[in-house]
Undergrad: 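I am attaching a structure below and will ask some questions about it afterwards.
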Amino acid sequence: VGASIADVNHIATLTVVVNPIPNGTYYIKNKQTGCFADITSSNIGNGTSVVQYNFDASGSNVFGGNTIYTGGSVSKWVFTHVGDQYYTIKLNGTSYYMGVKNASIEYDADVVLYSGTNIGNHMKWKIEPVYLSSIPEWTGINNVDHIIGYKLKPKHAELANIDEELVLATNSSSTSN
(Lines give C-alpha, C1' and ligand atoms only; values in the text may rest on other atoms or scores of the structure.)
Protein backbone atom coordinates (compact mmCIF):
# COMPACT_ATOMS: atom_id res chain seq x y z
CA VAL A 1 0.00 0.00 0.00
CA GLY A 2 1.50 3.31 -1.02
CA ALA A 3 0.91 6.44 1.04
CA SER A 4 2.38 9.88 1.39
CA ILE A 5 2.37 12.24 4.34
CA ALA A 6 1.36 15.76 3.37
CA ASP A 7 1.34 17.36 6.81
CA VAL A 8 3.30 16.11 9.82
CA ASN A 9 0.81 17.83 12.14
CA HIS A 10 -1.97 15.39 11.18
CA ILE A 11 -1.98 11.70 11.98
CA ALA A 12 -3.78 9.30 9.71
CA THR A 13 -5.08 5.96 10.92
CA LEU A 14 -5.33 3.04 8.55
CA THR A 15 -7.21 -0.10 9.47
CA VAL A 16 -6.52 -3.15 7.35
CA VAL A 17 -8.76 -6.19 7.58
CA VAL A 18 -7.15 -9.33 6.26
CA ASN A 19 -9.36 -12.25 5.33
CA PRO A 20 -8.22 -15.40 7.13
CA ILE A 21 -8.13 -17.63 4.05
CA PRO A 22 -7.96 -17.03 0.32
CA ASN A 23 -10.84 -18.06 -1.93
CA GLY A 24 -10.37 -21.65 -2.94
CA THR A 25 -11.35 -25.30 -2.59
CA TYR A 26 -10.81 -26.97 0.78
CA TYR A 27 -11.66 -30.00 2.87
CA ILE A 28 -13.37 -29.12 6.17
CA LYS A 29 -12.07 -31.06 9.17
CA ASN A 30 -13.51 -30.87 12.67
CA LYS A 31 -10.41 -30.72 14.88
CA GLN A 32 -12.34 -32.11 17.86
CA THR A 33 -13.52 -35.30 16.14
CA GLY A 34 -10.93 -35.64 13.37
CA CYS A 35 -13.79 -36.13 10.90
CA PHE A 36 -14.45 -34.28 7.64
CA ALA A 37 -17.56 -32.53 6.32
CA ASP A 38 -19.35 -34.76 3.83
CA ILE A 39 -22.81 -35.33 2.42
CA THR A 40 -25.16 -38.24 2.97
CA SER A 41 -26.36 -39.00 -0.54
CA SER A 42 -25.57 -38.86 -4.23
CA ASN A 43 -29.04 -37.28 -4.62
CA ILE A 44 -27.92 -33.75 -3.85
CA GLY A 45 -30.62 -31.16 -3.25
CA ASN A 46 -32.09 -28.69 -0.77
CA GLY A 47 -31.94 -30.21 2.69
CA THR A 48 -29.20 -32.77 2.00
CA SER A 49 -27.44 -33.24 5.33
CA VAL A 50 -23.85 -32.19 5.86
CA VAL A 51 -22.33 -34.65 8.31
CA GLN A 52 -18.94 -35.75 9.64
CA TYR A 53 -17.07 -38.83 8.45
CA ASN A 54 -13.58 -40.21 8.52
CA PHE A 55 -11.54 -39.54 5.40
CA ASP A 56 -11.80 -42.48 2.97
CA ALA A 57 -10.07 -42.24 -0.38
CA SER A 58 -12.03 -45.21 -1.79
CA GLY A 59 -15.06 -43.09 -2.58
CA SER A 60 -17.61 -44.25 -0.03
CA ASN A 61 -17.80 -44.16 3.73
CA VAL A 62 -19.94 -46.54 5.72
CA PHE A 63 -21.20 -45.63 9.17
CA GLY A 64 -24.04 -47.38 10.96
CA GLY A 65 -25.05 -49.18 7.77
CA ASN A 66 -25.37 -45.95 5.76
CA THR A 67 -23.19 -45.56 2.70
CA ILE A 68 -22.08 -41.98 2.23
CA TYR A 69 -21.52 -40.65 -1.28
CA THR A 70 -18.26 -38.79 -1.60
CA GLY A 71 -17.52 -38.89 -5.30
CA GLY A 72 -14.09 -40.47 -4.77
CA SER A 73 -13.08 -38.79 -1.54
CA VAL A 74 -14.52 -36.72 1.25
CA SER A 75 -16.37 -33.74 -0.14
CA LYS A 76 -14.45 -30.64 -1.12
CA TRP A 77 -15.91 -27.21 -0.43
CA VAL A 78 -15.43 -23.96 -2.37
CA PHE A 79 -14.94 -20.94 -0.11
CA THR A 80 -15.77 -17.56 -1.66
CA HIS A 81 -15.33 -14.28 0.21
CA VAL A 82 -18.53 -12.20 0.02
CA GLY A 83 -17.45 -9.21 2.13
CA ASP A 84 -17.13 -8.20 5.78
CA GLN A 85 -15.08 -11.33 6.61
CA TYR A 86 -17.90 -13.66 5.48
CA TYR A 87 -17.73 -16.51 3.01
CA THR A 88 -20.12 -18.78 1.21
CA ILE A 89 -19.22 -22.46 1.31
CA LYS A 90 -20.35 -24.36 -1.78
CA LEU A 91 -20.16 -28.11 -2.36
CA ASN A 92 -17.53 -28.47 -5.08
CA GLY A 93 -18.98 -29.17 -8.54
CA THR A 94 -22.55 -28.22 -7.58
CA SER A 95 -24.69 -25.12 -7.08
CA TYR A 96 -25.48 -26.03 -3.46
CA TYR A 97 -24.24 -24.13 -0.43
CA MET A 98 -23.74 -25.07 3.20
CA GLY A 99 -26.26 -23.45 5.53
CA VAL A 100 -27.88 -23.84 8.93
CA LYS A 101 -31.17 -25.74 8.58
CA ASN A 102 -34.17 -23.39 8.80
CA ALA A 103 -31.82 -20.60 9.97
CA SER A 104 -31.97 -22.12 13.45
CA ILE A 105 -30.03 -20.46 16.26
CA GLU A 106 -30.13 -23.58 18.45
CA TYR A 107 -26.74 -24.81 19.66
CA ASP A 108 -26.71 -28.17 17.85
CA ALA A 109 -28.60 -27.12 14.71
CA ASP A 110 -28.22 -29.29 11.62
CA VAL A 111 -26.14 -28.08 8.69
CA VAL A 112 -27.61 -28.82 5.27
CA LEU A 113 -27.27 -27.87 1.61
CA TYR A 114 -29.31 -25.10 0.01
CA SER A 115 -29.64 -24.01 -3.60
CA GLY A 116 -27.55 -20.96 -4.39
CA THR A 117 -30.42 -18.98 -5.89
CA ASN A 118 -30.97 -16.89 -2.74
CA ILE A 119 -28.01 -16.69 -0.35
CA GLY A 120 -29.34 -15.85 3.13
CA ASN A 121 -27.38 -14.98 6.26
CA HIS A 122 -27.72 -18.60 7.42
CA MET A 123 -25.56 -19.50 4.39
CA LYS A 124 -22.78 -16.98 5.08
CA TRP A 125 -19.96 -18.00 7.36
CA LYS A 126 -17.44 -15.93 9.28
CA ILE A 127 -14.10 -17.66 9.41
CA GLU A 128 -12.10 -16.79 12.49
CA PRO A 129 -8.57 -17.99 13.18
CA VAL A 130 -7.94 -20.04 16.31
CA TYR A 131 -4.57 -19.25 17.82
CA LEU A 132 -2.24 -21.35 19.92
CA SER A 133 -3.50 -20.34 23.33
CA SER A 134 -0.37 -21.22 25.26
CA ILE A 135 1.33 -17.99 24.16
CA PRO A 136 0.39 -15.26 26.66
CA GLU A 137 -0.50 -11.92 25.12
CA TRP A 138 2.04 -10.10 27.31
CA THR A 139 4.92 -11.87 25.52
CA GLY A 140 4.42 -9.71 22.47
CA ILE A 141 4.72 -12.77 20.21
CA ASN A 142 2.56 -12.32 17.15
CA ASN A 143 -0.16 -14.99 17.30
CA VAL A 144 -0.72 -14.64 13.55
CA ASP A 145 2.25 -16.95 13.19
CA HIS A 146 0.57 -19.50 15.48
CA ILE A 147 -2.82 -20.22 13.89
CA ILE A 148 -3.87 -23.79 14.66
CA GLY A 149 -7.22 -23.81 12.86
CA TYR A 150 -10.36 -21.83 12.07
CA LYS A 151 -13.87 -21.51 13.50
CA LEU A 152 -16.96 -21.22 11.31
CA LYS A 153 -19.74 -18.95 12.58
CA PRO A 154 -22.98 -18.46 10.66
CA LYS A 155 -23.82 -14.81 10.09
CA HIS A 156 -27.47 -15.09 11.13
CA ALA A 157 -26.47 -16.36 14.60
CA GLU A 158 -23.93 -13.59 15.02
CA LEU A 159 -26.54 -10.97 14.09
CA ALA A 160 -28.82 -12.46 16.78
CA ASN A 161 -25.96 -12.06 19.32
CA ILE A 162 -25.57 -15.82 19.62
CA ASP A 163 -21.91 -16.48 20.37
CA GLU A 164 -21.82 -20.13 19.39
CA GLU A 165 -19.80 -21.73 16.69
CA LEU A 166 -22.05 -24.14 14.83
CA VAL A 167 -19.33 -26.62 14.05
CA LEU A 168 -20.90 -29.03 11.60
CA ALA A 169 -23.61 -30.27 13.90
CA THR A 170 -24.23 -33.96 13.44
CA ASN A 171 -27.43 -35.92 13.00
CA SER A 172 -28.38 -39.52 13.66
CA SER A 173 -26.49 -40.90 10.65
CA SER A 174 -23.14 -39.44 11.59
CA THR A 175 -20.51 -39.66 14.25
CA SER A 176 -21.06 -37.84 17.50
CA ASN A 177 -19.44 -34.54 18.48
Side-chain angles (χ1 to χ4, degrees), residues 1-3 13-33 35-53 55 68-131 142-171 174 177:
V1 176
T13 302
L14 176 64
T15 302
V16 178
V17 176
V18 178
N19 294 320
I21 64 170
N23 289 345
T25 303
Y26 298 89
Y27 293 106
I28 301 174
K29 181 179 181 181
N30 183 325
K31 289 190 72 103
Q32 293 176 339
T33 65
C35 295
F36 290 79
D38 209 346
I39 55 172
T40 58
S41 172
S42 60
N43 297 322
I44 299 167
N46 283 324
T48 300
S49 292
V50 177
V51 295
Q52 300 177 50
Y53 283 93
F55 188 85
I68 306 306
Y69 173 76
T70 59
S73 65
V74 169
S75 297
K76 293 179 184 177
W77 302 90
V78 179
F79 285 66
T80 304
H81 185 252
V82 293
D84 294 330
Q85 297 180 321
Y86 289 97
Y87 292 77
T88 56
I89 304 174
K90 183 176 75 159
L91 179 61
N92 191 42
T94 73
S95 61
Y96 289 92
Y97 292 80
M98 183 184 291
V100 178
K101 186 175 184 177
N102 299 323
S104 173
I105 56 172
E106 297 298 319
Y107 171 69
D108 214 11
D110 288 336
V111 177
V112 298
L113 295 181
Y114 286 100
S115 168
T117 56
N118 186 17
I119 305 289
N121 285 335
H122 66 294
M123 298 164 62
K124 295 176 184 174
W125 300 86
K126 183 179 242 180
I127 300 175
E128 296 180 340
V130 176
Y131 299 100
N142 186 351
N143 273 346
V144 172
D145 296 331
H146 302 283
I147 294 173
I148 60 171
Y150 297 92
K151 293 188 284 188
L152 302 177
K153 287 186 171 186
K155 184 173 185 176
H156 78 287
E158 188 170 73
L159 293 174
N161 287 326
I162 305 296
D163 192 28
E164 298 289 344
E165 300 91 39
L166 300 181
V167 182
L168 298 178
T170 59
N171 64 27
S174 64
N177 278 340

Undergrad: For Gln52 and Cys35, which heavy atoms make the closest approach, and how far apart are they?
TA: CB-CB, 3.6 Å
Undergrad: Who passes ring-ring contact (aromatic ring centres under 6.0 Å, His included) against Tyr114, sequence neighbours left out?
TA: His122
Undergrad: Kindly indicate, with the supporting measurements, whether the criterion side chain to side chain contact (heavy atoms under 4.5 Å, CB included) is fulfilled by Ile39 and Ile44.
TA: CA-CA 8 Å; Ile39 55 172; Ile44 299 167; 3.8 Å; yes
Undergrad: If I compare all heavy atoms of Glu106 with all of Ser104, which pair ends up nearest, and what's the gap?
TA: N-OG, 3.0 Å
Undergrad: Using the ring of Tyr86 (Phe, Tyr or Trp, six-membered ring only), decide whether Lys124 places NZ or CZ under 6.0 Å from its centre and within 45 degrees of its axis.
TA: no
Undergrad: Name all residues meeting the salt bridge (charged side-chain N to carboxylate O under 4.0 Å, His left out) criterion together with Lys126; count only those two or more places apart in sequence or in a different chain, and write none if there are none.
TA: Glu158
Undergrad: Between Ser115 and Asn46, does any side-chain donor sit less than 3.5 Å from a side-chain acceptor?
TA: no
Undergrad: Please name the pair of heavy atoms, one in Val50 and one in Ala37, separated by the smallest distance, quoted to 0.1 Å.
TA: CG1-CB, 4.2 Å
Undergrad: Ignoring hydrogens and angles, write down the donor-acceptor pairs under 3.5 Å from the side chains of residues 91-99, residues two or more places apart or on other chains.
TA:
residue : atom : partner : partner atom : Å
Thr94   : OG1  : Leu91   : O            : 2.8
Thr94   : OG1  : Tyr96   : N            : 3.1

Undergrad: Can you see which heavy atom on Gln32 is nearest to which on Asn30, and at what distance?
TA: N-OD1, 2.8 Å
Undergrad: Working to the nearest 0.5 angstrom, can you tell me the gap between Leu113 CG and Lys101 NZ?
TA: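 Leu113 CG to Lys101 NZ: 12.0 Å, rounded to 0.5 Å.
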Undergrad: Taking ring-ring contact (aromatic ring centres under 6.0 Å, His included) as the definition, give me every residue that meets it alongside Phe79, ordered by chain and number, with sequence neighbours left out.
TA: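 With sequence neighbours excluded, Phe79 shows a ring-ring contact (aromatic ring centres under 6.0 Å, His included) to Tyr26, given in chain and number order.
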Undergrad: Please determine whether side chain to side chain contact (heavy atoms under 4.5 Å, CB included) holds for the pair Ile89 and Leu152, giving the CA-CA distance in whole Å, both sets of side-chain angles, and the decisive distance to 0.1 Å.
TA: CA-CA 10 Å; Ile89 304 174; Leu152 302 177; 4.2 Å; yes
Undergrad: Looking at Val100 and Ala109, what are the two nearest heavy atoms and their distance?
TA: CG1-CB, 3.7 Å
Undergrad: Taking it one step at a time, do Ser75 and Asp38 satisfy side-chain hydrogen bond (donor to acceptor under 3.5 Å, both in side chains)?
TA: CA-CA 5 Å; Ser75 297; Asp38 209 346; 2.7 Å; yes
